[in-house]
Structure formats: C-alpha cells, structure tokens
Enquirer: 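Here it is, the structure, as structure tokens.
The sequence lines fix the lettering, A, B, ..., with proteins before strands; numbering per chain opens at 1. Model, not experiment: these values are computed from the prediction.
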Amino acid sequence: MTHRPPIGEVEALHDTILDWYDANARDLPWRIPAADWPWPQVDRPWAVLVSEVMLQQTPVARVEPMWHRWMQLWPTPAHLAAAAPGDAVREWGRLGYPRRALRLHAAAVAIRDEHGGVIPADLQQLQALPGIGGYTAAAVGAFAFGIRSAVVDVNVRRAEARLVTGAAYPAPSLSAAETALARALLPLDEPAAARWNAAVMELGAVVCKAARPLCARCPAHAQCAWIRAGSPAHDGPRRAAQRWHGTDRQVRGKLLQVLRDAPAAVPRSALDLVWPDAGQRDRCLASLVEDGLVEPLPRERFRLPG
DNA sequence: GATACGTGGCT
DNA sequence: TAGCCAAGTAT
C-alpha cells in the first residue's frame, strides 16, 4: 500500500522543505558545489564517494576530520589505489566497520583498472564497486553527478514515514513501498531532485530525529501525517538491540587497534594481551585474516595487509 | 530475510 | 547505567 499524496501536497512539501534546506543546511565540505569546489587537486566525485562510505552508520561529527585527512592523503582514486590496503585500514582510525576502508581501497583499484581512473556516472556501475550498495550508489549519483535518483537512507525513511504515512518509525528494513514513495516524492527537475534528496535527509538528521524529534522546529509540521494523527507512539516491531560486550566484534576491534597502532608487524604474544579467552581470540584473528584485514607473516607475526 | 560487522555519544 | 542510535553492505 504505497502512499502517494496528491500532487498539490507533494509540491507544497517540496517548497517547504527545499526552502528550509536552503536556509538551514549544514556547511559540510562534501556538499560544496562543483562551481565553488575549493580544492582543484581533489577529485570531487571521489570526495563525495569517500564521504558517503564514511557516513555509513557513522555520525557526521566523527567523519568530517577523517574525510579531510583522506582527501589530503588520497585526493583521487588513483592515489588510494597506489597505496597498500593496510594504509587505508590504518588511516580509517576508529571510524568503525574497518572493512569499509578495505572496500574503499578495492573500489579505488577497480576505478583505476576498469574505469580509467574516472568514477562512473552510472548507478549500476557505481553499485558494482566494492562497498557500494543501493544507497551509496544513489547518493553518489545524485550528489556527485546530479542524477535524479532516489536516495533512501534511514533519515529519509523516517522523515517520509512520519510526513506521509503517519507512522512514528519506518520498518526495520527498507521495503519496496518506501522506495516507491521516495521515487514518487522526487521532483521531476534533475537539480531540484538532488537538492530534495539532501534536504529530506538533512531534515531527518537534525529535526525529524529518531528519539526526540524537534517538531516545534519542523518546517513541515503543518503537513505532517504523524502529527495530524496525534503523534502516536511506535507500535510495530522494534529493531533488535545490538550487543557489544564480549562479542567477536569487540575482540576484533581490540586486535585491529593493536595492529593499527603498531609501526610494524607484531608477534602473536602482543595480540594475546587484548583478550583473555584464547579460543575466541584465535577465532577472531582468523576471521580478520579471512576478511583480508590482517596479513599473517612467518614466525607467528601479523600486520595490516601490505 | 536474518545476521554479522565498530565505535562513541547521548539519555 | 544500559540501551539506543548513527548518510549501510555483504552474505
């Protein structure tokens, strides 16, 4: 049951939210338009791509400094492709989900080897790159190339659920109905569509927040189906809480932190210190090797992949 | 479709 | 404080 509001309501929503965005958008460096791009040596589509991968499941405040550092180190895909994958993992620091760094490196290699060093302005070719899924392909398409693609992240899903469907939260996973709704709301004009994608995402991120939405500050509160329905509490299934303490993820994180902070290869004895349970420790080290995040060397030594 | 995958800030 | 939450992807 796809909700498709009348065209007049959609246009009113466009006006409201685009005007709000024009006046309130955060000044994030990867949003600087091509005409004003201040770093001629930095490839802008690459800058957008890196920002989008860093932003996966990661707050803007933690991404911004890392993004600046990466743009200094590797201003184009060719620069990163020429580096060791372990350098990408090390420079990922504590952003989390370090496989993203490895995949970004693999994407840079693919861009160099299969696309002549030029990021493809095509959604399917973007999504074929390592670490680029449906969301990131749409985001790079829209924000780097102005393609009229529906960018559907959790902020967009939540904002559109409240504004149009009247639900407090979107479903745990992306549904076909949500994709259809996002497409239906996309302005026809290509540049306007790209702005709209950014605007709805921004609204979801800073106003229509998950826990405590700032409805009093929302430009669209008069057009919001959820408010009209009396702001009902969430009723559907809740996302399962993620455990952390004692998980393999915690152990993998500790192991990788030692390797990131070491200037050279480390002996297994150094890794043994991070976790008391030898069985879990060894299993996690093996999984890191399996993932390509750690390279085993002779004589029980380990390092980030060279 | 469910599950695994990091990290840190906020309430 | 323990849990929630953050611009997802791959399997």
Enquirer: Once you round it to whole Å, what is the distance between C1' of B:dT11 and CZ of A:R212?
Expert: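 About 8 Å, once rounded to whole Å.
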Enquirer: Tell me, yes or no, whether the heavy-atom count around A:Q72 atom CD, taken from other residues, nucleotides or ligands under 6.0 Å, exceeds 12.
Expert: no
Enquirer: Rounding to an integer number of angstrom, what distance separates B:dG8 and C:dT1 when you compare their C1' atoms?
Expert: 16 Å
Enquirer: Assign A:R94 to base, sugar-phosphate, or nothing according to its heavy-atom contacts below 4.0 angstrom with the strands shown.
Expert: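 The answer is sugar-phosphate, as A:R94 gets under 4.0 Å only of primed atoms, P, OP1 or OP2.
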Enquirer: Nearest-Å distance, CD (A:E290) to C1' (B:dA4)?
Expert: 14 Å
Enquirer: Would you say A:V89 and A:Y97 are hydrophobically clustered, going by side-chain heavy atoms of ILVMFWY under 4.5 Å?
Expert: no
Enquirer: Can you measure from CZ (A:R158) to CG (A:L203) and round to the nearest 0.5 angstrom?
Expert: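 So the CZ of A:R158 and the CG of A:L203 are separated by 9.5 Å.
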Enquirer: Could you state the CE-C1' distance from A:M66 to B:dG8, rounded to the nearest angstrom?
Expert: 13 Å
Enquirer: Quick one: what's the B/S/- string for nucleotides 6-11 of chain C, heavy-atom cutoff under 4.0 Å, read 5' to 3'?
Expert: BBBSS-
Enquirer: Rounded to whole Å, how long is the line connecting atom CZ of A:R243 with atom C1' of C:dG3?
Expert: 11 Å
Enquirer: Determine whether A:L256 and A:R252 make a side-chain contact, defined as any pair of heavy atoms from C-beta on separated by less than 4.5 Å.
Expert: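 Sidechains of A:R252 and A:L256: no contact.
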Enquirer: Please state how far atom NZ in A:K254 lies from atom C1' in B:dG8, giving the value in whole angstrom units.
Expert: 14 Å
Enquirer: Would you indicate whether the side-chain heavy atoms of A:V164 and A:L181 approach each other to under 4.5 Å?
Expert: yes
Enquirer: What nucleic acid atoms does A:A139 come within less than 4.0 Å of, heavy atoms only: base, sugar-phosphate, or nothing?
Expert: nothing
Enquirer: Assign each of A:G253 and A:S173 to its nearest nucleotide of DNA chain B by heavy atoms, then name whichever residue's nucleotide is nearer the 5' end.
Expert: A:S173
Enquirer: Can you confirm whether A:L49 sits close enough to A:I132 that some side-chain heavy atom of one is under 4.5 Å from a side-chain heavy atom of the other?
Expert: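 Yes, at least one pair of side-chain atoms sits under 4.5 Å.
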Enquirer: Quick one: closest heavy-atom pair of A:A47 and A:W67, and the distance?
Expert: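 In terms of heavy atoms, the two residues are closest at O-NE1, 2.9 Å.
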Enquirer: Tell me which residues in residues 273-288 of chain A put a heavy atom below 4.0 Å from DNA chain C, sorted by number, or none.
Expert: none
Enquirer: In sequence, state the C-alpha distance, the side-chain angles, and the governing distance for A:R283 and A:D277, and then conclude on salt bridge (Lys or Arg N to Asp or Glu O under 4.0 Å).
Expert: CA-CA 10 Å; A:R283 172 160 46 83; A:D277 180 340; 6.0 Å; no
Enquirer: C:dA7 and B:dA4: how far apart are their P atoms, nearest whole angstrom?
Expert: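 Result for the P pair: 23 Å, nearest Å.
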Enquirer: Rounded to whole Å, please give me the gap between CG in A:L214 and P in B:dT11.
Expert: 11 Å
Enquirer: Please report, rounded to the nearest Å, how far the P atom of B:dG1 is from the CG atom of A:L174.
Expert: 10 Å
Enquirer: Is there a side-chain contact between A:M71 and A:W46, using heavy atoms and a 4.5 Å cut-off?
Expert: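 A side-chain contact under 4.5 Å exists here.
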Enquirer: A:W244 CH2 to C:dC5 C1': how many Å, rounded?
Expert: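 It works out to 15 Å between those atoms.
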